[in-house]
Amino acid sequence: MSVRIYPIRLGMDACYVIQDRGTIMVDGGFPGSARAFTRALEKLTIKPLEITLVILTHGHFDHIGSASFIREQTGAKVALHQADREQLEKDKVTWPPGITPWGKLSRGLFKPMMSFLQFELPQVDILLGDEGLSLEAYGISGRIIHTPGHSPGSVTVLLDTGDAFVGCMAQNSLPFCLTPRLPIYAQDIMKVKESWRVLIAKGARTIYPGHGKPFLIEAIKDVL
Ligand SMILES: [Zn+2]
Ligand SMILES: [Zn+2]
């Protein structure tokens, strides 16, 4: 059977369940998404215990906010790159600088709300390094690739089919943007572009962003 990809919206975070010979999940949802997660799995008729690995594309609050609950429910291992893990130990809610005028303005507008966010930091079972990780052991033909830029420890899940789950290396929805584009917030936008070139060279074709709907790689090639 070929690989199946199920988008699950957990708050403003677009998460994905990927199923082939095994089942994994990309990203851990916005804080407070426990019910949405449970309902989404029920609708897909996927049992929580089927998920054996949850890959956090990076350590920002909107992608890890419900990971602790998901880990508990599924018994899955949680993977995060060590650089973002280190950042989380220093500061639970980090938010990279705005790159575009709207990025700068919106960061100022939304930042005060962040102090109201409540969530538990997930336990990290697999600390990812720069060398990446094969997903064969989890029944998925693909690998995790270190793609820094949006955050130092951002990673991408790249399947052999060319499907790429990139977290916030790209955004494709409000309040960020109207069409697919590079992130409006980034630690280092030059590194984001460098990471995109790596992904393109490795065969990324269909992009599944951390916010918004999937799109084709051409949209990124146009802006690089
Ligand atoms: Zn982020
Ligand atoms: Zn995000």
Side-chain angles (χ1 to χ4, degrees), residues 7-16 25-33 36-37 54-68 70 78-100 102-111 113-119 121-122 124 128 144-157 164-196 199 207-215 219-220:
I8 295 186
R9 199 177 155 145
L10 299 183
M12 65 190 302
D13 185 14
C15 302
Y16 301 92
M25 180 170 171
V26 177
D27 271 337
F30 202 78
S33 299
F37 171 74
V54 178
I55 300 142
L56 304 175
T57 59
H58 61 297
H60 293 156
F61 63 92
D62 52 326
H63 299 260
I64 66 165
S66 295
S68 187
I70 293 170
V78 168
L80 175 68
H81 190 279
Q82 54 192 12
D84 277 21
R85 171 62 201 268
E86 278 164 27
Q87 204 166 48
L88 272 179
E89 277 165 8
K90 283 181 229 145
D91 197 353
K92 200 169 162 186
V93 177
T94 56
W95 195 345
I99 296 299
T100 60
W102 172 236
K104 287 175 188 150
L105 180 68
S106 59
R107 194 177 184 280
L109 286 174
F110 299 144
K111 191 97 208 302
M113 297 177 212
M114 297 309 125
S115 52
F116 297 107
L117 280 177
Q118 284 192 352
F119 67 97
L121 282 183
V124 176
L128 299 166
I144 303 173
I145 299 170
H146 183 214
T147 47
H150 174 65
S151 71
S154 286
V155 298
T156 290
V157 173
F165 303 82
V166 300
C168 278
M169 272 182 78
Q171 292 163 337
N172 187 22
S173 69
L174 290 170
F176 307 100
C177 52
L178 294 167
T179 53
R181 54 157 297 132
L182 299 181
I184 63 170
Y185 318 106
Q187 197 84 36
D188 185 336
I189 194 69
M190 296 316 284
K191 275 195 186 158
V192 172
K193 291 181 180 178
E194 193 46 49
S195 291
W196 272 113
L199 283 183
I207 309 307
Y208 296 79
H211 303 282
K213 293 213 166 85
F215 59 89
I220 295 294

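Heavy atoms only: backbone and side chains are in, while hydrogens, waters and symmetry mates are out. For this chain, numbers begin at 1 and follow the sequence in order. First listed ligand is number 1; within each ligand, the first listed atom is number 1.
No more than 12 heavy-atom neighbours from other residues, nucleotides or ligands sit within 6.0 angstrom of CD on Q118. Surrounding NZ of K191 are at most 12 heavy atoms belonging to other residues, nucleotides or ligands under 6.0 Å away.
Taking 2.8 Å as the criterion, D62 counts as a coordinating residue of the Zn ion (ligand 2), since one of its N, O or S atoms falls below it.
To the nearest 10 degrees, the Zn ion (ligand 2) sees NE2 of H63 and NE2 of H211 at an angle of 100°. Angle NE2(H150) to the Zn ion (ligand 1) to ND1(H60), rounded to 10°: 90°.
One finds no salt bridge joining K90 and E86 here, because no Lys/Arg side-chain nitrogen approaches an Asp/Glu carboxylate oxygen to under 4.0 Å.
For the Zn ion (ligand 1), the nearest N, O or S atom contributed by H58 is named NE2.
In terms of modelled atom types and a separation under 3.5 Å, the side chain of T57 and the main chain of D27 share no donor-acceptor contact.
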